[in-house]
Amino acid sequence: MRALPPPVRLTTSRLTLTPARSSDAAFVSDLLRNPHVRAFLGGCVTEDTVATHAMGAVTSAGAQAVWVATRCTSTRPLGRLSLSHHKDGRDIELSYQFDPASWGQGFATE
């Protein structure tokens, strides 16, 4: 598999996507423990593994590129987005998880 390019800052009319940092781990941990967010993603991550998963979920390496989404007018995170190699080894997969408080506002499709 080829390495993905490192994530860069992206901006839409309402969102800023910033490359994820270790300081985003607490927000990502909350997403991983949220049963609504994880309903169709294999369920919540258990407490004993959430720290490991959260750090992996914010780390951008050659195999994935990770961003945290905020409103352009705020620094409070709304969601996490990533590009990674699909398990088939040929395709690239876009994954996103947003805080339920931001659902229904079109952020995922934006």
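The two atoms that bring P7 and P19 nearest to each other are O-CG, 3.5 Å, heavy atoms only. When every heavy atom of L41 is checked against every heavy atom of V37, the shortest pair comes out as CD1-O, 3.5 Å. Here the closest heavy-atom approach between residue F98 and residue L81 is recorded as CZ-CD1, 4.3 Å. Between Y96 and A108 the shortest heavy-atom distance is CE1-CB, 3.4 Å.
Using modelled atom types, one side-chain atom of W67 and one backbone atom of V8 make a donor-acceptor pair closer than 3.5 Å.
Counting only residues at least two apart or in different chains, side-chain hydrogen bond (donor to acceptor under 3.5 Å, both in side chains) contacts with residues 4-13 comprise T12-E110.
With sequence neighbours excluded, no residue satisfies side chain to side chain donor-acceptor pair (under 3.5 Å) with R38. Every residue meeting the side chain to side chain donor-acceptor pair (under 3.5 Å) condition with D30, not counting sequence neighbours, appears here in chain and number order: R33. Here D91 pairs with nothing under the salt bridge (charged side-chain N to carboxylate O under 4.0 Å, His left out) rule; sequence neighbours left out. Not a single side-chain contact (heavy atoms from CB on, under 4.5 Å) links T109 to another residue, sequence neighbours left out. Every residue two or more places apart in sequence or in another chain was checked for a side chain to side chain donor-acceptor pair (under 3.5 Å) with E93, and none qualifies.
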Please test F27 against R76 for side-chain contact (heavy atoms from CB on, under 4.5 Å), starting from the C-alpha separation and ending with a verdict. CA-CA 9 Å; F27 171 72; R76 186 174 133 314; over 6 Å; no
Show your reasoning for whether side-chain contact (heavy atoms from CB on, under 4.5 Å) applies to H85 and I92. CA-CA 5 Å; H85 292 281; I92 301 294; 3.6 Å; yes
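Interatomic distance, S84 OG to L94 CG, rounded to the nearest 0.5 Å: 9.0 Å. The distance from atom CZ of R14 to atom CG of L78, rounded to the nearest 0.5 Å, is 9.5 Å. Atom CG of D99 sits about 14.5 Å away from atom CZ of R80, to the nearest 0.5 Å.
By the 4.5 Å heavy-atom criterion applied to side chains, T70 and T75 are not counted as neighbours.
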